Protein chains: 2
Amino acid sequence: MAGGTTTIYDLARATGLSPSTVSRALRGIGDISPGTVARVRESAARLRYRPNVVARSLALRASDSFALMLPDIANPFFPALVKAVQLRARHHGKTVLLCNTEGVPAAEAEYLEMLASRQIQGVVVMGLAITADEIRRRVGSGMKIVALDRAAAGASAASVQADHRAGGWMATDHLLRLGHRAIAHISGPAQLSVTTERWEGYRDRMRQSRIDPGPPARGDFTESSGHQAAQELIHSGRHFTAIFCANDLMALGAISALRSAGLGVPAQISVLGFDDIELGRYAVPALTTIRQPLEDLARVAVDLLVGLLRGEEAPAPKRLAVELVVRESTAAPPRAVAGQAATLASSGIAPRGGEDVRSREDF
Amino acid sequence: MAGGTTTIYDLARATGLSPSTVSRALRGIGDISPGTVARVRESAARLRYRPNVVARSLALRASDSFALMLPDIANPFFPALVKAVQLRARHHGKTVLLCNTEGVPAAEAEYLEMLASRQIQGVVVMGLAITADEIRRRVGSGMKIVALDRAAAGASAASVQADHRAGGWMATDHLLRLGHRAIAHISGPAQLSVTTERWEGYRDRMRQSRIDPGPPARGDFTESSGHQAAQELIHSGRHFTAIFCANDLMALGAISALRSAGLGVPAQISVLGFDDIELGRYAVPALTTIRQPLEDLARVAVDLLVGLLRGEEAPAPKRLAVELVVRESTAAPPRAVAGQAATLASSGIAPRGGEDVRSREDF
DNA sequence: TTGTATGCGTTATCAC
DNA sequence: GTGATAACGCATACAA
């Protein structure tokens, strides 16, 4: 045990066996007698043997970890997902390397080089700027890719996504059923597929009720962008009694802006988010939202990746159902001033009426 | 270039040099002629050579990454810190492995084994259950440890912390200056040093004004625990006009509970947090809080660790200053009902008066 | 300034 | 069932 660390050579010496037998006994593969296995295990425990993962990776030309690339861990949706992914990864005996790209393509490319350097052959990507095909072009076809909550840009990648379009549809439907007609939408970054899909769901449901959806206000999924978008909406003079925000964080920002402008939520304006982050539950008012199945997404993504790593074929893209969670930020539109509830002029005390209305899914 | 990857042997063949010369040229160490360096670099670029970090780690018996262990990445304070740490790590050419312990000692131990297996010899720990000495006992003295925002439990570890005690003091001082006398405290997990220190700052400042601080309500730094603690405070019938919460997340939870109970913030009850998480800025009301110098903490911690890894001695524990950030969740206590503002009986409309008061630091 | 030989700890391919 | 032996790709002591 040179230098304090025990190796299989030490175990070989201790047991009177050969290194290769020790190696096999430790991993329980090949034909080894139960007795030897026991002996090896015993002295491994006694000598506090710890396998050297680095040496193993070198010999195997493969690592036991994979990467998780995401644009911004500061968005509360992602930490929860990271947790879920790590949990599932451990279930497979894998560790995950977190790569924060900040949405900048250069960082993405740099990370990919890094992964290749480390013999890492699998990556779960979320909201990336570059496509799976570009990834392959950069680091070779050995890299297994699973797109999480994002259209598989490039035919060959496996992917799981929540059904964002259905989510947009359900959100809008909920507001329409409450009686809203003037529903604004604050969307996310234009290039992201989730942005488009949530918007399409909204648009389709609006059109179904013969209402012109109008152009979305543009945000970037941060709280401050939601705040700002809502402010612009207010000052534009555009009429609306509800806002469907493309994620919870922007919804929180929007609520903040509305209240600062003297507009009650949900008394005057209803606000609906997307994701169902923990924070939304404790916000005041508690956020009505579309829940993404976080654990399921993580589980499916990791399992998919592990499958690819084992050499399995990429299955067809998977879609997971979302769910409407009705809380307190949505209510019926105000009765009296229902023509201009959202203009700055009407920022006094709201007429009661919306507060206690709770909606149910009943279709 | 066997199997698609280029090695230094390939470069040696391409340049007519030996592998060791190539190795040195690539790293720019030893005495090598400028000409050979250029030649090596050129063919490295042409053959798309990528150093195999795994092989290097094996040869060096050391990894180029370090670990960041923290209890719960779902707490918004941590993602921001993770970002800052990763940023600084890249500045040193290091990558960081994120270890989420969920506060369970078994997970901590398991992660430590994992680190040792990977030849990782440095770790930045936050809010861990086990001490630095226990870490050393487990994985040997080779592990370099930097405690971040936590007392260096065990003499030998380096550490950086914000000045939590001063923070507790400043928070309480701010409330006292606004005119509050009955100030409750919702604290964190008892075994954490930051919990104790923040509480001590609160206690000292209270005593300085000859007010009995009373026992703190106990939370665990989650929003829901803040919510619950505030509820219990309300139902206890105990009198208070302000709450100093040991972190922002609990403050947000407390505000939620207060409002649900019909208590206005800050009109009836002032609430003050700790950390200055992004969310607090956009909450309604915007959270008054004690700001921790996130980037500085991360920078100092990483630099400290890199120093230790280079064989430098652990310097004395470092303390970084915190800062009071006054926003909207604190105001003067209500005038009229100043005797029982916090009981459920008085949950009607609050007397005005607190709303527009803005405090300044003026000492 | 450059080359040779060896080791890092493991796995895999053979042979016994 | 078990044991030699040769990779894996890089770094380094030593020799030239």
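All figures in this text were calculated on a predicted structure; none of them were measured in a lab. Every chain is numbered from 1 and lettered A, B, ... according to where its sequence line falls, protein lines coming before strand lines.
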*Residue B/Leu60, side-chain atoms from C-beta onward, closest of D/dT12, C/dT11, D/dC10*: D/dT12
*Can you find a pair of side-chain heavy atoms, one from A/Val53 and one from B/Gln119, that are under 4.5 Å apart?*
no
*Taking only the side-chain nitrogens and oxygens of A/Ser33, find out if one of them lies under 4.0 Å from OP1 or OP2 of D/dT2.*
yes
*Return the minimal non-hydrogen interatomic distance between B/Lys318 and B/Val300, and the atom names on each side.*
CD-CG1, 3.6 Å
*Expressed in angstrom and rounded to an integer, what is the separation of A/Ile8 atom CD1 from C/dT10 atom P?*
5 Å
*Hey, does B/Ser57 reach any base, or is it just sugar-phosphate, or nothing, if we go heavy atoms under 4.0 Å?*
nothing
*With DNA chain D as reference, determine whether B/Arg50 or A/Gly16 sits nearer its 5' end, using the nearest nucleotide of each.*
A/Gly16
*For B/Arg13 and D/dG9, give me the distance from atom CZ to atom P, rounded to whole Å.*
12 Å
*Do A/Pro51 and A/Arg27 have side chains that get closer than 4.5 Å, going by heavy atoms?*
no
*May I have the distance from B/Gln119 (atom CD) to C/dG7 (atom P), rounded to whole angstrom?*
18 Å
_Between A/Arg46 and A/Glu42, does any NZ, NE, NH1 or NH2 come within less than 4.0 Å of an OD or OE carboxylate oxygen?_
yes
*To the nearest angstrom, how far is B/Tyr9 atom OH from C/dA5 atom P?*
11 Å
*May I ask you to say what A/Gly35 touches in the nucleic acid, namely base, sugar-phosphate or nothing, with a heavy-atom cut-off under 4.0 Å?*
nothing
*Taking NZ, NE, NH1 and NH2 as the nitrogens, is one of them in A/Asp10 or A/Arg48 under 4.0 Å from a carboxylate oxygen of the other?*
no
*Using the C1' atoms of five pairs at each end, what's the angle between the two axes of the helix from C/dT1-D/dA16 to C/dC16-D/dG1, to 10 degrees?*
40°
*Looking for any heavy atom pair under 4.0 Å, which part of the strands does A/Asn52 touch: base, sugar-phosphate only, or nothing?*
sugar-phosphate
*Where the side chain of B/Ala55 is concerned, which of D/dG1, C/dT2, D/dG9 is the nearest nucleotide?*
D/dG9
*Does B/Asp64 pair with A/Arg118 as a salt bridge, N-O distance under 4.0 Å?*
yes
*asked:* Please give me every residue in residues 18-27 of chain A whose heavy atoms get under 4.0 Å of an atom in DNA chain D, ordered by residue number.
replied: A/Ser18, A/Ser20, A/Thr21, A/Arg24
*asked:* Quick test of your reading: applying salt bridge (charged side-chain N to carboxylate O under 4.0 Å, His left out), list the pairs with at least one residue in residues 91-115 of chain A, sequence neighbours left out, ordered by first then second residue.
replied: A/Glu102-B/Lys83, A/Glu110-B/Arg90, A/Glu113-A/Arg138, A/Glu113-B/Arg50
_Quick check: closest heavy atoms across B/Cys99 and B/Leu115, and the distance to 0.1 Å?_
SG-CD2, 4.4 Å
*asked:* Please report the distance, rounded to the nearest Å, between CG in B/Asp31 and C1' in D/dA15.
replied: 16 Å
*Side chains of B/Val124 and B/Phe66: closer than 4.5 Å at any heavy-atom pair?*
yes
*Which of the following nucleotides, C/dA12, C/dT1, C/dT10, is nearest to the side chain of A/Ile29?*
C/dA12
*Between D/dT12 (C1') and B/Ile32 (CD1): distance, integer Å*: 15 Å
*Atom OH of B/Tyr49 to atom P of D/dG9: distance rounded to whole Å?*
10 Å
*Whole Å only: how far is the CG atom of A/Leu58 from the P atom of C/dT10?*
12 Å
*Could you tell me whether the phosphate oxygens of D/dA11, OP1 or OP2, come under 4.0 Å of any side-chain nitrogen or oxygen in B/Arg56?*
yes
*If we ignore angles and hydrogens, is there a donor and acceptor under 3.5 Å between the side chains of B/Thr21 and B/Ser18?*
yes
